[in-house]
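Keep in mind that what you see is a predicted model, and the values were worked out from it rather than measured. A, B, ... follow the sequence lines: proteins, then strands. Residue 1 opens every chain.
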Amino acid sequence: MSIDQTAVNRWAGLSDDAVHVDADGLDAYRLNRTLRELAQGSQQVAVDNPRARHNLGIGLEAMRAEIHFLGSVGYYCGGFNAGASIVVHGNAGWGVGEAMSEGRIVVRGSTAWSAGAGMRGGTIVIHGDGGPRTGIAMKGGDIFVVGSVGFLSGFMAHRGKIVVLNGAGESLGASMYEGRIFVSGDVGSLGADAIERPLDGKDTEELVRDLAVVGLPWPDGPFRKIEAEGRLWYFDKHDGRIWRSI
Amino acid sequence: MCGQCGLILEHAGPIGQLLHVTEGAMLHRGPDSTGFALYGEVPHEDRVIIRAHVLRDVDADKALSSVIQGMKLVDARLTGEPQVTAGGPDGGTFFRLTAELGRSAAALLEAIEATEGVQVHSMGWRLEIIKDVGSADEVALRHGIDEFVGTHGMAHSRLATESTVDVELSHPFWARPFLDVAITHNGQLTNYYKMRRLMSERNLQFLTDNDSELIAVYIAEQLAMGSSLHEALLRSITTLDGVFTYLLATESAIGCATDRLAIKPLLVSRIDGTTALATEEQALRRVFDTELATEYVREGTAVVWDVPAVSDQAMEVDTS
């Protein structure tokens, strides 16, 4: 079946001179190399047939082009991203944007477990739901989720910010260090050492600015700010009540 | 790791080939051994299908004739020629028999395994478990999986963790002696020995010390006592302790249950009347050349998908 590329471009919001690469027949290594090469010379690079394969768009650096995956991607898409702008027109598997330091990843669908795991910088925007452990051990950067996030999101976050517009599962923000979570909607429960603190004027100002930048609406309900209370920063191992969440 | 998949077709079709391709895409999750639990077309006659394995150091011809003699003692006469397949380098010999059930499934099983070195992998009106050491491609080629026509089935590639790489310890497991019940499992139980002791007190039997086999028997026992599959799966979530995302198949359905964290993923997709389940989406994409709407099975849930080809047939029988 021949694909009408103009129609595909229109669906994905791409310009007509977007360069297309077919992922079929290229292993992840060769595909990622091809992306680097193509991205120097054009504005938009579109990857056809990602077929939910793993390790797509790994280790990309800041470049001229925006990379579009036209379909769902598998595990670790955009991992180690060091500045590229990536759009996934579908869902993403586990660990999207794992360990990224710079750049932007937009997922039009939902993400599986551990989106942005250990990320150090950059921005991830998830238009669907984030799975469990979204932003686990993140050390910087921002994650925005239009839907909800699963259990243990923000677990052991060191720094950075997670903004969720439509609720979170159990044990939100368990064992965090210094990250911040802003959540609107229902929260299943707060995790070990997580505490709700009132938003101050600066927080609201920051959220208004952030949501405008990533093009998301202000939610209907109020935001709650979840942070670490700090009881786990230094603790007696015998005091298991504090750190055992299950 | 481990990778598992399950497929339910709308009508009987090339279930073996589809599962082979799907499972082949998850080689990286477990290259040690591969197995298939396949449910053939609804039979026209009453005969039970036996899949068994003769260990490497045993004379397969002698073992087979001894098995057939033993079966006669429990009134289980063969209804067709035995099929014999040689295993891999260390794999022994595999055979498939069709027979009358005779006195009971338990008696038939005991009669077959009375021959030393013979171990039954499955018994059922439709279930056939084929499992061997090697990748999905190797096992499928060796055992003619691609030719198998049926309504539903499961496949599993194993990364051995709790026990060694071995044909008998490969998945799927049959819930002996309960006909047509099979399991594939990703995870490991932490209350295995306690469960095993309690179940042994109820005279339940196991071929191996593998935790996945125990789950199959645990569910099958409840089905035999009148529980629905969904009830049994739901109960297992609190009874079993440890990590599990497992698929449990019967002659008319495939169900799944996940522990309260569901760290072992399972995706579900419905494509043109086919229900497809797999650990990874990219495995399903090998078979279905279309962008899929997939969903992860949530933590702490039990779901059952009925086999339409079987329930349609049941309805036809009802109306005639």
Problem set entry | Leading residue by heavy atom contact count with chain B [cutoff under 4.5 Å; candidates A:Pro50, A:Ser72, A:Gly74] | A:Ser72
For this session: Look at A:Gly169, A:Ser110, A:Pro132, A:Ala112 and state which one has the largest set of heavy-atom pairs under 4.5 Å with chain B.
Result: A:Ala112
Exercise. Could you name the residues of residues 209-217 of chain B that have a heavy atom within less than 4.5 Å of a heavy atom in chain A?
Worked result: none
Exercise. How close do A:Trp113 and B:Ala262 get, heavy atom to heavy atom, and via which atoms?
Worked result: CZ2-O, 3.2 Å
Exercise. Which of residues 25-38 of chain A get closer than 4.5 angstrom to chain B, counting heavy atoms alone?
Worked result: none
[atom1]/[X] to [atom2]/[Y] distance, rounded to the nearest 0.5 angstrom?
{"X": "B:Tyr296", "Y": "A:Asn91", "atom1": "OH", "atom2": "CG", "answer": "9.0 Å"}
{"X": "A:Phe151", "Y": "B:Arg298", "atom1": "CZ", "atom2": "CZ", "answer": "8.5 Å"}
{"X": "B:Ile263", "Y": "A:Arg133", "atom1": "CD1", "atom2": "CZ", "answer": "4.5 Å"}

For this session: Report the residues that fulfil salt bridge (charged side-chain N to carboxylate O under 4.0 Å, His left out) with A:Arg53, sequence neighbours left out, ordered by chain and then residue number.
Result: none
Seminar exercise, completed: Most contact-rich option vs chain A, by heavy-atom pairs under 4.5 angstrom, among B:Glu280, B:Glu299, B:Glu281, is B:Glu280
Exercise. What residue in B:Arg286, B:His28, B:Gln282 has the most heavy-atom pairs under 4.5 Å with chain A?
Worked result: B:Gln282
Hey, is [atom1] on [X] packed in by over 12 heavy atoms from elsewhere, all under 6.0 Å?
{"X": "B:Phe288", "atom1": "CZ", "value": "yes"}
{"X": "A:Asp186", "atom1": "CG", "value": "no"}
{"X": "B:Arg142", "atom1": "CZ", "value": "yes"}

Seminar exercise, completed: Under 4.5 Å to a heavy atom of chain A? For B:Leu267 that would be neither
Ignoring hydrogens and angles, write down the donor-acceptor pairs under 3.5 Å from the side chains of residues 147-154 of chain B, residues two or more places apart or on other chains.
{"from": "B:Thr151", "atom 1": "OG1", "to": "B:Arg126", "atom 2": "NH2", "distance (Å)": "2.5"}
{"from": "B:His152", "atom 1": "NE2", "to": "B:Thr250", "atom 2": "O", "distance (Å)": "2.8"}

